[in-house]
Amino acid sequence: MSKSPANYRPETRLVHSGTLRSQYGETSEALFLTQGYVYNSAEECEARFKGEDPGFIYSRYSNPTIAMFERRMIELEGAEAARSAATGMAAVTTAILAPLKAGDHVVASRALFGSCLYVIQDLLPRYGIETTLVDGLDLDQWQRALRPNTKTFFLESPTNPTLDVLDIPGIAEIAHKRGARLVVDNVFATPIWQSPLALGADVVVYSATKHIDGQGRCLGGIILASEAFIAEHIHNFMRQTGPSISPFNAWVLLKGLETLGVRVRAQTDTAARIADVLASHPKISRLVYPGRADHPQAALVTKQMRGGSTLVGFEVKGGKAAAFRVLNELKLAKISNNLGDAKSLVTHPATTTHQRLKPEDRATLGISEGFIRFSAGLEHADDLIEDLTAALEKA
Ligand SMILES: *Cc1c(COP(=O)(O)O)cnc(C)c1O
């Protein structure tokens, strides 16, 4: 018998896991761009609907290309089950909202992607779900926020954009003592550098739009968890409400997974080199890079991550005006709010991704007017360093 892909190392699983070959024996995964399926008989159709025949019914529920993407992610992440979604936000919203009802309580780290913060702060309370935001770095705040009706803890680590690293095992333990679950948004770490389920989390969510596509083409998301969590909370919610991914996008993401390991490694090496150059640059007042010894949670990075980050955060002296000059002077790195792309992208969080926040909340999170987030792409590191140092000269 051949080895199951789940027994191979992650790089091998990224290429082979989940492949379903049609009768034509194609090398590359087929794109099943179909809404529905036809049946050989009314009896077969009945059996399919009763769940006695395991085939596909309708692409809002599933589709062979989507199933391949989910299977590959399951085996990479070490999960039991997964459901993909149209966007990262469809995955996050479903993972948080689907298991809850009015009267439940959610605790989340304050340092969140803007739309995740909207779901926690604005959306859930409208449906009678109470929420508390905490400083995710402070375990006592998670502990004190617990209530008898607390059902879910939610966090991302490293955080956007300041790249703080939260103690996933420690926070999971606090949640589990009270029977709550921990949901982790693992976008910044990627499945290459961090496996939240192995660290004690119950649910992992991704915006596949970022590193998993990694070439700026399409949006997508995925929820990974135990078979029981997906069956009880996610399966029916997604079937009936329909935040489904398009088979075309699932196919792009599936092919993206084949190169995820090499891309993330190369982008991380480049980001680390950029961080080392910027750390001693006279125009820079603060440099954050998970993987450097001067990262504020360096010990935690070593404990729970296998590598650093494709992102670098830094603060230019001279506030917004200086930061804008750097962005405008960059020739190679493009101004964008996206990340994880083959093309290096640079973001000014205070005026874009985090402009909705009150100035005092931005200050609490360390998002100053001079703070820049740099997402390292696949260009030659020397070209990017020359581009950055030339732009900083003008700051
Ligand atoms: C981009 C992002 C999301 C949302 O993903 P979309 O695919 O844009 O919907 C959620 N969380 C984090 C951390 C992200 O970076």
Side-chain angles (χ1 to χ4, degrees), residues 66 69 73 82-97 108-124 133 136 152-166 168 182-194 196 201 203-224 238 242-246 248-250 252-253 256-257 260 264 267 271 288 290 305 309-313 336-341 345-349 352-357 365 367 373-377:
I66 294 172
F69 171 58
M73 283 299 299
R83 287 293 182 276
S84 45
T87 64
M89 282 321 301
V92 169
T93 307
T94 302
I96 294 177
L97 187 63
S109 161
R110 193 172 288 119
L112 290 179
F113 180 75
S115 299
C116 297
L117 196 61
Y118 165 81
V119 170
I120 300 287
Q121 229 180 352
D122 298 16
L123 188 71
L124 297 183
L133 292 174
T152 300
F153 276 12
F154 179 64
L155 63 84
E156 61 180 70
S157 179
T159 61
N160 176 30
T162 50
L163 308 176
D164 276 320
V165 172
L166 275 50
I168 295 176
L182 173 62
V183 181
V184 173
D185 180 337
N186 205 38
V187 165
F188 273 51
T190 82
I192 302 301
W193 296 143
Q194 181 168 272
V203 183
V204 183
V205 288
Y206 287 101
S207 163
T209 313
K210 310 294 165 53
H211 302 84
I212 292 174
D213 176 0
Q215 291 164 79
R217 297 164 294 194
C218 63
L219 297 127
I222 189 161
I223 306 168
L224 298 120
M238 291 197 83
S244 327
I245 192 169
S246 131
F248 181 81
N249 287 1
V252 172
L253 299 171
L257 284 177
L260 180 72
V264 167
Q267 289 170 244
V288 212
M305 296 181 72
S309 176
T310 63
L311 294 125
V312 185
S336 173
N337 45 303
N338 209 355
L339 62 98
D341 201 273
L345 301 174
V346 68
T347 309
H348 185 247
T352 59
T353 52
H354 292 71
Q355 56 103 358
R356 228 173 54 89
L357 300 190
L365 292 173
I367 307 168
R373 184 187 81 190
F374 191 94
S375 168

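From a predicted model like this one, the values you see are computed outputs, not experimental measurements. As the structure lists them, so they are numbered: ligands from 1, and atoms in each ligand from 1.
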Exam field: side chain [X] to backbone [Y], donor-acceptor pair closer than 3.5 Å:
X	Y	value
Thr347	Ser336	yes
Ser375	Leu339	no
Asn160	Phe113	no

Is there a polar contact between ligand 1 and Gly88, counting only N or O atoms under 3.5 Å apart?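 Gly88 vs ligand 1: N/O contact under 3.5 Å present.
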Which atom of Leu219 lies closest to which atom of Asn249, heavy atoms considered: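 That would be O-ND2, 3.4 Å.
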Any idea which heavy atoms bring Ile66 and Ile245 closest together, and the distance?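 Nearest pair, atom of Ile66 first, then Ile245: CD1-O, 3.3 Å.
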Residue Thr209 vicinity, atoms of ligand 1 by number, heavy atom under 4.0 Å: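 It comes down to these atoms of ligand 1: 6 (P), 7 (O).
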For Thr87, counting its heavy atoms only, list the atoms of ligand 1 lying under 4.0 Å from any of them.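 Near Thr87, meaning under 4.0 Å from one of its heavy atoms, ligand 1 has 7 (O), 9 (O).
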Considering non-hydrogen atoms of the protein only, which is the closest contact for atom 4 (C) of ligand 1, and what is the distance?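 Nearest neighbour among protein heavy atoms for atom 4 (C) of ligand 1, to 0.1 Å: Phe113 CE2, 3.5 Å.
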Where the closest heavy atom to atom 13 (C) of ligand 1 is concerned, which of Thr353, Val92, Asp185 has it?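 Minimum heavy-atom distance to atom 13 (C) of ligand 1 goes to Asp185.
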Which option out of Met89, His211, Lys210 puts a heavy atom nearest to atom 2 (C) of ligand 1?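 Selected option, by shortest heavy-atom distance: Lys210.
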